[in-house]
Asker: 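Dropping a structure here in structure tokens format, bear with me for questions.
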Amino acid sequence: MAMDTYVLSIIWAVIIAFSIIMYVLLDGFVLGMGILFPLAPDEESRDVMMNTGAPIWDGNETWLVLAGTTLLGAFPLVYTIILPALYIGVFLMVAALIFRGVAFELRFKSHRSRKWWNLAFAGGSAVAAFAQGAVVGAYILGFETQSRTFAGGPFDWLTPFTVMTGLGMMAGLALLGATWIIMKTEGAVQEWAYRLAPKLLAGVLVVFAIVSLWTPYVDPSVWDRWFSNIGVIWILPALALLSAALLFWSVRQRRDRLPFLATLSMFIFTYLGLLVSRWPYVVPPNHTLWDAAASPSSQLFLLIGTLFVIPIILGYTAWAYWVFRGKVRPGEGYH
């Protein structure tokens with residue numbers, strides 16, 4: 001293997017992995033708020049919740065677009081195999097995100113049909129979160145391939161294991177949404193989120209334990225990766241559990257920002273653990289980064305433009321969050 005192919009593929013893996021986790025973290029708390037929408041105390045609380053995410057939700061999805069387009073350019077085999085395997089799941093996610101986005105814009109402009117936009121926001125967020133978790137579960141299970149094409153059926157992605165990972169993603173994003181509400185609101189809405197966060201954390205930890213125990217049975221290679229040579233990689237689940245403990249403590253202490261930051265760190269360490277479990281397979285269980293890579297010239301050409309775009313995205317994302325920093329109170333907000 002040429003050195004330029006090896007190095008470029010690793011660089012691209014880092015860029016795409018970074019884009020994915022940025023999307024999950026930034027859009028995740030908005031999806032989480034949508035999942036919690038039906039449980040909110042009253043309509044005024046829903047207004048406040050939605051106003052915390054209204055100014056920035058569409059910018060968050062830039063990271064999803066970046067990850068998807070660069071994945072196609074840098075690792076075309078991924079699209080050849082994974083997209084046909086996940087057509088239905090990806091379609092459900094995109095359709096749900098459309099419903100969520102339309103609800104953001106029309107809910108505040110409608111009075112007679114507001115309950116239907118509430119349903120669109122909650123349902124779109126829940127379906128999108130479940131679909132994303134199911135996709136993660138399908139990735140863990142791997143894909144049936146033949147001659148570098150997908151050889152399975154359209155519903156191979158939907159199994160008891162992927163249902164569990166889908167529900168786990170819903171619980172995790174709901175927790176992220178609850179801690180975002182804690183950070184961005186005050187009064188009755190914040191107190192409601194404080195009461196909800198420990199219950200959601202317990203659910204997330206239960207699902208995390210089930211998936212962790214289940215995964216070695218669906219893919220023995222993951223067991224080998226984690227247990228054949230116990231070492232430094234075990235720091236990742238340890239840090240995830242430490243983050244969970246910090247989250248529980250900070251909620252009990254009624255801290256504002258720390259619960260959200262602790263939840264972010266839980267997601268990051270869990271995500272890194274997933275990457276470690278599957279490295280270097282980008283289309284498990286058979287195809288590595290280098291099997292799926294485009295030609296070095298294509299990767300290099302795309303890399304030049306991407307390295308120019310990423311600082312711009314980071315810059316306007318940081319600026320948007322800075323402009324709309326602080327608490328959101330009833331009667332105030334983007335709309």
Asker: May I have the list of side-chain donor-acceptor pairs in residues 126-135 shorter than 3.5 Å, sequence neighbours left out?
Answerer:
residue	atom	partner	partner atom	Å
Gln132	NE2	Tyr23	OH	3.0

Asker: For the residue pair Arg252 and Tyr194, establish whether any side-chain heavy-atom pair is separated by less than 4.5 Å.
Answerer: no

Asker: Could you walk me through whether Leu77 and Thr80 pass side chain to side chain contact (heavy atoms under 4.5 Å, CB included), step by step?
Answerer: CA-CA 5 Å; Leu77 184 64; Thr80 302; 4.2 Å; yes

Asker: Just verifying a value: how many Å separate Ile16 CD1 and Ile21 CD1, rounded to the nearest 0.5 Å?
Answerer: 14.5 Å

Asker: Ignoring hydrogens and angles, tell me if any N or O in the side chain of Thr317 forms a donor-acceptor pair with the backbone of Leu314 under 3.5 Å.
Answerer: no

Asker: Are side-chain heavy atoms of Asn118 and Glu43 found at a separation under 4.5 Å?
Answerer: yes

Asker: Report the residues that fulfil side-chain hydrogen bond (donor to acceptor under 3.5 Å, both in side chains) with Asn60, sequence neighbours left out, ordered by chain and then residue number.
Answerer: Tyr321

Asker: Under 3.5 Å, side chain of Asp27 to main-chain N/O of Val24, donor-acceptor pair present?
Answerer: no

Asker: Do you know the tightest heavy-atom contact between Ala197 and Leu175?
Answerer: O-CD1, 3.6 Å

Asker: Compare all side-chain heavy atoms of Val204 with those of Met266 and state whether any distance is below 4.5 angstrom.
Answerer: yes

Asker: Take atom CZ in Arg254; do more than 12 heavy atoms of anything else shown fall under 6.0 Å from it?
Answerer: yes

Asker: Show the nearest heavy-atom pair for residues Ala67 and Thr70, with the distance to one decimal.
Answerer: O-OG1, 3.3 Å

Asker: How long is the span from the CG atom in Leu92 to the CG atom in Leu86, to the nearest 0.5 Å?
Answerer: 11.0 Å

Asker: Applying side chain to side chain donor-acceptor pair (under 3.5 Å), which residue pairs with at least one partner in residues 303-313 are found, sequence neighbours left out?
Answerer: none

Asker: Find the distance between CD1 (Ile11) and CG (Leu300) and round it off to the nearest 0.5 Å.
Answerer: 9.0 Å

Asker: Please say yes or no: joined through hydrophobic side-chain contacts below 4.5 Å, possibly via intermediate residues, are Leu213 and Met169 part of one cluster?
Answerer: no

Asker: Would you sort out whether Phe267 and Leu173 count as a side chain to side chain contact (heavy atoms under 4.5 Å, CB included), showing the intermediate values?
Answerer: CA-CA 9 Å; Phe267 268 86; Leu173 295 184; 3.8 Å; yes

Asker: If you apply the rule ring-ring contact (aromatic ring centres under 6.0 Å, His included), what do you find for Phe161 with Trp214, and how did you get there?
Answerer: CA-CA 8 Å; Phe161 181 79; Trp214 196 342; 5.4 Å; yes

Asker: Report whether Leu141 and Ile88 are members of the same hydrophobic cluster (ILVMFWY, side-chain heavy atoms less than 4.5 Å apart, transitive linking).
Answerer: yes

Asker: Once ring pair (Phe, Tyr, Trp, His ring centres under 6.0 Å) is applied, do any residues pair with Trp180, and if so which ones, sequence neighbours excluded?
Answerer: Phe29, Phe260

Asker: So do the side chains of Thr162 and Thr159 get within less than 4.5 Å of each other, counting heavy atoms only?
Answerer: yes

Asker: So, for Trp63 and Ser19, which heavy atoms are closest and what is the spacing to 0.1 Å?
Answerer: CB-O, 3.6 Å

Asker: Under 4.5 Å between side-chain heavy atoms, counting indirect links through other Ile/Leu/Val/Met/Phe/Trp/Tyr residues: same cluster for Val206 and Met170 or not?
Answerer: yes

Asker: Could you state the interatomic distance from CD1 (Ile10) to CD1 (Ile15), rounded to the nearest 0.5 Å?
Answerer: 12.5 Å

Asker: Taking side-chain contact (heavy atoms from CB on, under 4.5 Å) as the criterion, tell me which of Thr263, Leu246, Val251 meets it with Leu258.
Answerer: Leu246

Asker: Could you walk me through whether Leu36 and Leu200 satisfy the side chain to side chain contact (heavy atoms under 4.5 Å, CB included) test, starting with their C-alpha distance in whole Å, then the side-chain angles of each, then the deciding distance to 0.1 Å, before giving a yes or no?
Answerer: CA-CA 11 Å; Leu36 298 176; Leu200 292 170; 4.1 Å; yes

Asker: Would you name the heavy atoms of Leu236 and Phe269 that are closest together and state the gap between them?
Answerer: O-CB, 3.6 Å

Asker: Do any pairs count as a salt bridge (Lys or Arg N to Asp or Glu O under 4.0 Å) and have a residue in residues 61-70, sequence neighbours left out, and if so which ones?
Answerer: Glu61-Arg100

Asker: Ignoring hydrogens and angles, tell me if any N or O in the side chain of Ser250 forms a donor-acceptor pair with the backbone of Leu247 under 3.5 Å.
Answerer: yes

Asker: Mind checking whether Met50 and Trp117 have side chains closer than 4.5 Å, heavy atoms only?
Answerer: no

Asker: Can the positive tip of Arg325 be found less than 6.0 Å from the middle of the six-membered ring of Trp322, inside 45° of the ring normal?
Answerer: yes

Asker: Output yes when a side-chain donor or acceptor of Lys184 lies under 3.5 Å from a complementary backbone atom of Thr52, and no otherwise.
Answerer: no

Asker: Using a 6.0 Å cut-off, check whether atom CH2 of Trp116 has over 12 heavy atoms from anything other than its own residue.
Answerer: no

Asker: Hey, what do you get for OH (Tyr139) to OG1 (Thr165), rounding to the nearest 0.5 Å?
Answerer: 14.0 Å

Asker: Could you tell me whether Tyr316 atom OH has more than 12 heavy atoms of other residues or ligands within 6.0 Å of it?
Answerer: yes

Asker: According to side-chain hydrogen bond (donor to acceptor under 3.5 Å, both in side chains), who are the partners of Tyr87, at least two apart in sequence or on a separate chain?
Answerer: none

Asker: For the residue pair Ala85 and Trp157, what are the closest heavy atoms and their distance?
Answerer: O-CD1, 3.7 Å

Asker: Does atom CD (Gln146) have a neighbourhood of more than 12 heavy atoms from anything else shown, all under 6.0 Å?
Answerer: no

Asker: Does a side-chain heavy-atom distance below 4.5 Å link Lys327 with Met183?
Answerer: no

Asker: Is Leu119 reachable from Ile98 through a run of hydrophobic residues whose side-chain heavy atoms are each under 4.5 Å from the next?
Answerer: no

Asker: Could you pull out the closest heavy-atom pair between Leu302 and Ala74, with the gap in Å?
Answerer: CD2-N, 4.0 Å

Asker: Ser9 versus Phe75: any side-chain heavy-atom pair under 4.5 Å?
Answerer: yes

Asker: Have Ser298 and Ser295 got a donor and an acceptor in their side chains that come within less than 3.5 Å?
Answerer: yes

Asker: Nearest 0.5 Å, please: how far is CD in Glu191 from CD1 in Ile181?
Answerer: 13.0 Å

Asker: Do Phe308 and Ile313 share a hydrophobic cluster, counting only Ile, Leu, Val, Met, Phe, Trp and Tyr and linking them when any side-chain heavy atoms are less than 4.5 Å apart?
Answerer: yes

Asker: When you measure from the side chain of Tyr79 to the backbone N and O of Gly68, does any donor-acceptor pair fall under 3.5 Å?
Answerer: yes

Asker: Under the criterion side chain to side chain contact (heavy atoms under 4.5 Å, CB included), I'd like the reasoning laid out for Val211 against Met164: C-alpha separation, chi angles, the key distance, then a yes or no.
Answerer: CA-CA 7 Å; Val211 171; Met164 179 59 65; 3.8 Å; yes

Asker: Hey, are the side chains of Tyr271 and Ile20 touching, using non-hydrogen atoms and a 4.5 Å cut-off?
Answerer: yes

